[in-house]
J.: 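Have a look at this one.
Ligands are counted one by one from 1 in listed order, and the atoms in each one are counted from 1 as well. Residue numbers start at 1 and run along the sequence shown.
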Amino acid sequence: MRIAMIGGGYVGLVSAACFAEFGSQVSVVETHPGRLAALSRGEIPIYEPGLDKLVADNIEAGRLSFGSDLRAAVDGAEAIFIAVGTPPRNGDGHADLTYVFAAAEQAAAAMSGYAVIVTKSTVPVGTGRRIAELVARVRPELEFDVASNPEFLREGSAIADFMRPDRVVIGTDASRPGSAERAQEIMRRLYRPLYLLEAPILFTSLESAELIKYAANSFLAMKISFINEMADLCERVGGDVHEVARGIGMDGRIGSKFLHAGPGYGGSCFPKDTLALMRIAQEAGASSRLVEATVQVNDARKASMAARIMSACGGSVRDKTVAVFGLTFKPETDDMRDAPSIPIVHRLVENGAQVRAFDPAGMEAARPLLPERGLTYCSDALDAATGADAILVLTEWNEFRALSPERLRELMTGRVVIDLRNIYDPAAMQAAGLAYTSIGRPQHAARIASWQRSGTGD
Ligand code: NAD
């Protein structure tokens with residue numbers, strides 16, 4: 001099969017490489033000059049484990065190509081995927097569909113025959129139908145169908161998620177005679193390798209498919225906000241949020257994933273998709289109080305993290321050196337979109353701290369988003385810890401887990417460790433003489449009180 005992928009970002013590039021690996025001929029169209037230049041040189045402009053090899057193998061096999069010529073890419077393609085960004089529209093939380101509609105219009109103008117236009121971007125309910133209207137207006141004579149195929153991959157494990165998904169959701173339009181059958185037949189052939197692996201493929205209406213993506217992300221965000229509230233409660237009443245998460249996660253109705261307490265969710269999807277779902281519900285006159293509460297809890301949590309850090313540092317970070325471990329919103333990605341590190345590092349610097357930061361993959365993407373002064377990028381975590389009064393763990397990269405508390409203590413000038421990802425063992429940190437604070441674990445309240453009494457940073 002020949003397919004075209006419009007957009008070669010986190011989703012488009014991974015999807016294109018995986019479809020090529022399934023055996024399809026995939027042409028990726030990318031307009032970002034930097035990304036396209038990198039792809040044309042055989043370089044991967046994003047960090048995603050395993051993607052470089054998958055892309056290289058499929059270029060070599062002649063199944064994957066990149067360019068800016070949409071007409072060439074869609075020529076003979078049975079499916080044209082739209083995988084462009086849908087960032088929040090300025091100010092109001094709506095998804096900005098400018099790129100999606102531009103891509104649909106460009107595809108319509110370039111098509112030379114029938115194809116199914118598939119939206120992989122996360123888009124509000126009704127977008128698929130609006131794309132169909134737009135294409136019909138631009139090219140009234142053109143035969144085409146539309147489909148919605150939301151993507152559920154997670155950055156950091158994107159290839160495995162795409163190759164072995166929990167499910168594939170495909171929404172088609174049953175209101176136009178023959179449309180659903182034609183589109184489903186093409187999509188079934190495209191995903192046939194997964195079908196053979198017995199990955200469930202769920203065929204729905206366009207509207208259901210569009211809503212499933214927002215509902216899934218909002219539910220996961222709600223789970224995170226829930227466990228974060230439980231972490232706060234644990235700190236007050238003396239529980240351990242890890243034990244609580246395990247205890248509830250073993251209930252099959254709840255499940256153990258997305259029950260890790262932390263500094264609040266961030267990233268390129270949850271913040272924007274929860275806001276977009278709220279707007280969709282508002283416009284439809286429906287209630288979305290649970291999602292609204294999820295967003296409020298998360299906003300408040302992010303804001304409270306700075307106070308928690310100040311408090312652990314004895315009330316002020318002025319003239320203190322703070323080593324920051326991790327900048328990306330989660331490990332195994334270079335994605336800095338809506339990362340909790342952005343407001344936290346700004347706040348630290350504004351309050352007079354000297355920040356020494358290290359991230360294994362995200363420092364290049366971080367530079368334009370973080371302060372220029374008061375921040376030094378380090379060569380590794382131990383370099384960052386050298387001479388630091390406090391260490392702040394913001395991203396749970398595996399390489400930070402393996403660091404010896406004794407070594408950290410030797411390198412530091414002070415002894416405060418604030419672990420917002422709970423990657424260290426409190427007993428081991430304490431045994432090394434470190435003043436360790438984490439999230440939702442019993443030592444938290446008592447220790448903060450004792451550091452405040454004794455002063456910190458020594
Ligand atoms: P991204 O910004 O990394 O990639 C989008 C790419 O599309 C950019 O490189 C941009 O240059 C390109 N582009 C925009 N308009 C174009 C056009 N007309 N022609 C060719 N290229 C064009 O975004 P992303 O993270 O890949 O997300 C894409 C969509 O997938 C969003 O709707 C997002 O919500 C959704 N999604 C993202 C993830 C994730 O983990 N990143 C997961 C699931 C779904």
J.: Of all the non-hydrogen atoms in the protein, which one sits nearest to atom 15 (N) of ligand 1, and at what distance?
T.: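 Result: Val84 CG1, 3.5 Å.
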J.: So which heavy atom in the protein is nearest atom 18 (N) of ligand 1, and how far is it from that ligand atom?
T.: Gln106 OE1, 3.0 Å
J.: Does NZ or CZ of Arg301 lie under 6.0 Å from the centre of the six-membered ring of Phe226, at an angle within 45° of the ring axis?
T.: no
J.: For atom 7 (O) of ligand 1, what is the nearest protein heavy atom, given as residue, atom name and distance?
T.: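 Checking every protein heavy atom, the shortest distance to atom 7 (O) of ligand 1 gives Gly7 CA, 3.4 Å.
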J.: Could you tell me whether Phe152 atom CZ has more than 12 heavy atoms of other residues or ligands within 6.0 Å of it?
T.: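 It does: Phe152 CZ has more than 12 such atoms within range.
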J.: Exactly one of Val417, Val355, Ile344 should register a side chain to side chain contact (heavy atoms under 4.5 Å, CB included) with Leu392. Which one does?
T.: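 Considering Val417, Val355, Ile344, a side chain to side chain contact (heavy atoms under 4.5 Å, CB included) with Leu392 is found only for Ile344.
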J.: Under a 4.0 angstrom heavy-atom cut-off, which atoms of ligand 1 come close to Ala83?
T.: 5 (C), 28 (C)
J.: Answer yes or no: does an N/O atom from Thr122 fall short of 3.5 Å to an N/O atom of ligand 1?
T.: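 In this structure, Thr122 places an N or O atom under 3.5 Å from an N or O of ligand 1.
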J.: May I ask which of Thr333, Thr31, Val123, Asp161 has a heavy atom nearer to atom 21 (N) of ligand 1 than the others do?
T.: Thr31
J.: Could you check whether Arg130 makes a cation-pi contact with Phe101, meaning its NZ or CZ is under 6.0 Å from the centre of the six-membered ring and within 45° of the ring axis?
T.: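 No cation-pi geometry.
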J.: Between the side chains of His260 and Asn422, is a donor N or O closer than 3.5 angstrom to an acceptor N or O?
T.: no
J.: May I ask you to list the atoms of ligand 1 that are less than 4.0 angstrom from any heavy atom of His32?
T.: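 By the 4.0 Å cutoff, the relevant atoms are 11 (O).
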J.: Which atoms of ligand 1 sit under 4.0 Å from any heavy atom of Gly85?
T.: 5 (C)
J.: Do Tyr114 and Asp145 have side-chain N/O donor and acceptor atoms under 3.5 Å apart?
T.: yes
J.: Can you tell which of Phe358, Phe400, Trp397 makes a ring pair (Phe, Tyr, Trp, His ring centres under 6.0 Å) with Phe325?
T.: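 Going through the options one by one, the only one that passes is Phe400.
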J.: Mind checking the CD-CZ spacing from Glu235 to Arg441? Nearest 0.5 Å is all I need.
T.: 10.5 Å
J.: Checking contacts here: is it the side chain or the backbone of Cys269 that comes within 4.0 Å of ligand 1, counting heavy atoms only? Could be both or neither.
T.: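 For Cys269, only side-chain atoms sit under 4.0 Å from ligand 1.
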J.: To the nearest 0.1 Å, how far is atom 12 (C) of ligand 1 from its closest protein heavy atom, and which atom is that?
T.: Glu30 OE2, 3.3 Å
J.: Should the proximity of Arg35 to ligand 1, defined as any heavy atom under 4.0 Å, be assigned to the side chain, the backbone, both, or neither?
T.: side chain
J.: Identify, for atom 27 (O) of ligand 1, the protein heavy atom at the shortest distance, and state residue, atom and that distance.
T.: Val11 CG2, 4.1 Å
J.: Of Arg2, Arg189, Arg188, which is the lone residue that meets salt bridge (Lys or Arg N to Asp or Glu O under 4.0 Å) with Glu78?
T.: Arg189
J.: What is the distance from atom CD of Glu155 to atom SG of Cys269, rounded to the nearest 0.5 Å?
T.: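 Nearest 0.5 Å value for the CD-SG distance: 6.5 Å.
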J.: Is any N or O atom of Lys272, backbone or side chain, closer than 3.5 Å to an N or O atom of ligand 1?
T.: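 N/O-N/O distance under 3.5 Å: yes.
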J.: Below 4.0 Å, non-hydrogen atoms only: which portion of Arg154 touches ligand 1? Side chain, backbone, both or neither.
T.: neither
J.: State whether the side chain of Asn58 and the backbone N or O of Leu64 hold a donor-acceptor pair below 3.5 Å, judged by distance alone.
T.: no
J.: In the protein, what heavy atom is nearest to atom 19 (N) of ligand 1, and what distance, to one decimal place, separates them?
T.: Ile6 CG2, 3.3 Å
J.: N/O of Lys120 under 3.5 Å from N/O of ligand 1, yes or no?
T.: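 No: no nitrogen or oxygen of Lys120 is under 3.5 Å from one in ligand 1.
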J.: Which residue from Arg337, Glu151, Glu155 reaches closest to atom 2 (O) of ligand 1 through any of its heavy atoms?
T.: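 Checking each option, the heavy atom nearest atom 2 (O) of ligand 1 is found in Arg337.
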J.: Taking Asp69 first and then Arg71, would you say they form a salt bridge - that is, a charged N and a carboxylate O separated by under 4.0 Å?
T.: no
J.: Just let me know how Ser268 lines up against ligand 1, side chain, backbone, both or neither, with a heavy-atom cut-off below 4.0 Å.
T.: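 It is the side chain that touches ligand 1; the backbone stays farther off.
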J.: Answer yes or no: does an N/O atom from Asp273 fall short of 3.5 Å to an N/O atom of ligand 1?
T.: no
J.: Please list the nearest protein heavy atom to atom 32 (O) of ligand 1 with its residue and the distance rounded to 0.1 Å.
T.: Thr86 OG1, 2.5 Å
J.: Might you confirm whether atom CD of Glu364 has over 12 heavy atoms from other residues, nucleotides or ligands at distances under 6.0 Å?
T.: no
J.: So which heavy atom in the protein is nearest atom 20 (C) of ligand 1, and how far is it from that ligand atom?
T.: Val29 O, 3.3 Å
